[in-house]
Protein chains: 2
Amino acid sequence: MTLSAKSALTMDANQEDRAKAIRDALRDAIVDRRLAPGTKLSEAEVGTLFDVSRTVVRYALQMLAFEGLVHSERNRGAFVSNPTPEDARQVFASRRLIEAGIVAEAARRLTKADVEAFRRHLEEEDRYKASRGPDARRAEIKASGDFHIMLARVAGNAVLEKFMDELVARSSLVIALYGRSGVSSCGHDDHALILEALQSGDVERATEMMLHHIGHIEADLDLRTGESLTLREALNL
Amino acid sequence: MTLSAKSALTMDANQEDRAKAIRDALRDAIVDRRLAPGTKLSEAEVGTLFDVSRTVVRYALQMLAFEGLVHSERNRGAFVSNPTPEDARQVFASRRLIEAGIVAEAARRLTKADVEAFRRHLEEEDRYKASRGPDARRAEIKASGDFHIMLARVAGNAVLEKFMDELVARSSLVIALYGRSGVSSCGHDDHALILEALQSGDVERATEMMLHHIGHIEADLDLRTGESLTLREALNL
DNA sequence: AAATAGGCTAGTGTATGCAATCTGGCTGCA
DNA sequence: TGCAGCCAGATTGCATACACTAGCCTATTT
């Protein structure tokens with residue numbers, strides 16, 4: 001995949017803080033899998049595409065490096081992260097822990113308005129799932145992650161919300177690398193089941209559903225550790 | 001507290017990546033409470049102190065902003081964060097969740113070498129606790145946080161370790177702002193009790209101890225939400 | 001022919017200059 | 001006296017210029 005693949009992206013109108021705009025555009029491209037793991041993000045090239053100087057690009061890349069979406073090597077440049085299977089396991093282990101806590105708190109705080117928002121979101125997810133074509137796939141991936149981020153927001157803890165932003169984005173990278181069946185694994189209508197349990201106030205069941213759901217996603221990954229593992233690390237990360 | 005208070009800091013020898021060295025120096029100063037919440041971190045001033053250009057300083061400040069230790073306002077500059085009581089609660093709620101998971105995993109992985117390292121660390125903590133003077137207080141604060149970071153490292157999950165780095169640092173800020181009795185709250189020898197439970201392989205008890213410990217720290221805070229709350233927010237954050 | 005040394009080029013790291021923005025005080029007017 | 005508007009100094013945001021490093025290509029030597 002070449003870098004120009006993201007030229008389709010329009011920078012958000014928000015004229016102020018262009019670094020953030022570029023970061024968001026790049027993150028979307030990475031999460032949407034328009035930028036493959038390992039792709040080099042040249043400062044000059046990105047700068048040209050967005051019509052800003054390297055200074056601003058470097059800021060954006062540093063932010064992405066913090067989120068773990070980009071790997072930065074001194075004097076060599078920045079690359080879309082290429083997580084190892086071990087990284088993948090750690091990301092999902094973290095999600096099990098944190099999302100269990102989020103579900104518990106979200107169950108306590110869930111309002112009718114939240115439920116309504118979730119319903120609309122699930123409908124949107126279903127629409128994308130029913131559609132064909134790469135654009136629908138990308139939208140489905142994004143919407144699927146957004147469900148988890150919405151849940152984090154409902155839980156009302158900004159710290160955990162930030163952590164989840166990072167974990168969801170990194171999960172998408174991991175799935176891009178190691179996923180077998182693509183995104184449809186996030187199907188099973190797990191999200192609907194979680195919402196249902198949350199609505200009924202059954203925290204225990206909601207938690208269990210969430211852990212199952214994460215298990216489903218992880219089960220779809222092919223994380224066998226062949227000798228290609230170290231090779232992959234050596235080559236790119 | 002004036003910014004020059006950190007001039008006592010020596011930048012780490014590591015010539016490469018000076019931005020990281022500056023970040024670490026500033027973080028230590030913030031966590032040690034040599035830099036009070038709200039202190040302005042002027043790019044030019046920091047640059048002069050460390051003998052680098054503003055470019056490098058900006059990178060360091062951006063990193064600290066990501067960790068939540070610094071609050072950056074467009075066209076106004078960077079300030080040491082001034083967490084609200086609500087921020088404080090969220091930090092501790094996150095710690096309860098994440099450290100419970102860390103304890104469980106650490107219990108499974110704890111080696112004899114780890115235990116030995118913990119013992120040495122506890123002795124060090126005790127030495128600082130017994131000593132007088134502001135330097136010993138600072139060392140005690142840092143060592144107290146390091147215990148939790150060591151634990152995260154033993155758990156072997158790099159993601160959670162990074163989260164804990166951030167949470168421990170932010171906790172120190174919170175304690176600086178809202179702590180009643182200073183650091184000694186982290187006394188109670190809670191750490192020793194946690195280690196003991198871990199050694200005996202009693203995960204449940206270790207988890208309980210950890211939650212109690214975090215409860216102790218949080219109980220020492222004065223988080224009453226007077227009208228000063230919004231005032232504080234308005235003034236500084 | 002293979003291996004190594006040396007320079008060449010592309011690209012990153014850092015410093016600096018300029019424009020834009022904010023702060024604080026001053027002046028003029030009501 | 002109080003307030004609004006404006007000007008000056010200071011500080012940040014961004015772009016550009018220069019310095020340095022890594023990786024590649026070539027040429028020379030064994």
Side-chain angles (χ1 to χ4, degrees), chain A residues 1-4 6 11-26 35 38-66 69-82 231 233-237, chain B residues 2-4 6 11-26 35 38-66 69-82 233-237:
Chain A
M1 185 181 313
T2 156
L3 185 54
S4 62
K6 79 172 169 358
M11 216 164 71
D12 287 0
N14 209 351
Q15 279 294 354
E16 63 179 23
D17 217 337
R18 289 182 279 179
K20 277 186 185 168
I22 292 174
R23 174 201 61 183
D24 291 342
L26 285 176
L35 286 173
T39 306
K40 165 141 199 189
L41 301 171
S42 150
E43 296 177 359
E45 196 177 353
V46 176
T48 303
L49 284 172
F50 288 100
D51 196 41
V52 295
S53 78
R54 283 178 46 223
T55 308
V56 178
V57 175
R58 285 173 71 80
Y59 265 78
L61 291 177
Q62 201 196 356
M63 291 193 251
L64 291 170
F66 268 111
L69 291 184
V70 155
H71 175 76
S72 191
E73 230 165 314
R74 185 178 179 82
N75 285 324
R76 290 206 358 107
F79 306 81
V80 178
S81 281
N82 209 338
L231 180 62
E233 281 188 275
L235 287 177
N236 202 297
L237 193 70
Chain B
T2 156
L3 186 53
S4 63
K6 81 170 169 357
M11 216 164 72
D12 287 0
N14 208 351
Q15 277 295 354
E16 64 180 22
D17 218 337
R18 288 182 282 178
K20 278 186 184 169
I22 292 174
R23 174 201 61 183
D24 291 342
L26 285 176
L35 286 173
T39 306
K40 166 142 201 193
L41 301 171
S42 148
E43 296 176 0
E45 196 176 354
V46 175
T48 303
L49 284 173
F50 287 100
D51 197 41
V52 295
S53 76
R54 285 176 42 224
T55 308
V56 179
V57 175
R58 284 172 73 80
Y59 276 78
L61 291 177
Q62 198 197 0
M63 290 193 250
L64 290 170
F66 267 110
L69 292 183
V70 155
H71 175 76
S72 190
E73 230 165 315
R74 187 178 176 82
N75 283 325
R76 293 212 348 111
F79 305 81
V80 177
S81 281
N82 208 338
E233 280 189 275
L235 287 177
N236 204 297
L237 192 70

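All chains are named by letter (A, B, ...) in the order of the sequence lines, taking the proteins before the strands, and each is independently numbered beginning at 1.
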How close do A:Phe79 and A:Gly38 get, heavy atom to heavy atom, and via which atoms? CD2-O, 3.7 Å
Minimum-distance pair of heavy atoms, taken over all atoms of B:Asp51 and B:Arg18: O-NH1, 4.3 Å
Out of D:dA15, C:dT23, D:dG23, which nucleotide sits closest to the side chain of B:Arg76? C:dT23
Side-chain contact check for A:Arg18: nearest option of D:dG13, C:dA15, D:dC14 is D:dC14
Looking at side-chain heavy atoms only, is the closest gap between A:Glu45 and A:Lys40 below 4.5 Å? no
Measure the shortest side-chain to side-chain distance between B:Leu61 and B:Leu26 over non-hydrogen atoms and say whether it is less than 4.5 angstrom. yes
Starting from [atom2] on [N], measure out to [atom1] on [X] and report it in whole angstrom.
X       : N      : atom1 : atom2 : answer
A:Leu41 : C:dT12 : CG    : P     : 10 Å
A:Arg58 : D:dG13 : CZ    : P     : 17 Å
B:Asp17 : D:dT21 : CG    : P     : 14 Å
B:Lys20 : C:dG13 : NZ    : P     : 11 Å
B:Glu43 : C:dC22 : CD    : C1'   : 14 Å
B:Asp51 : C:dG13 : CG    : P     : 20 Å
A:Tyr59 : D:dA15 : OH    : P     : 12 Å

Please evaluate the base of C:dT16 for a donor-acceptor partner in the side chain of B:Thr55 within a cut-off of under 3.5 Å? yes
Run the side-chain contact (heavy atoms from CB on, under 4.5 Å) test against B:Thr48 and tell me which residues pass, sequence neighbours left out. none
Going by side-chain hydrogen bond (donor to acceptor under 3.5 Å, both in side chains), name the residues that satisfy it together with B:Arg54, two or more places apart in sequence or in a different chain. B:Glu43
Listed by chain and number, what are the side-chain hydrogen bond (donor to acceptor under 3.5 Å, both in side chains) partners of A:Gln62, not counting sequence neighbours? none
Can you tabulate the close N/O pairs, meaning under 3.5 Å, that link protein atoms to atoms of nucleotides 17-21 of chain C?
residue, atom, partner, partner atom, Å
C:dT21, O3', B:Asn75, ND2, 3.3

Look at B:Lys40 and D:dT12 and indicate whether a side-chain polar atom (N or O) is within less than 4.0 Å of OP1 or OP2. yes
If you assign each of B:Ser53 and A:Ala78 to its closest nucleotide in DNA chain C, which residue comes earlier from the 5' end? A:Ala78
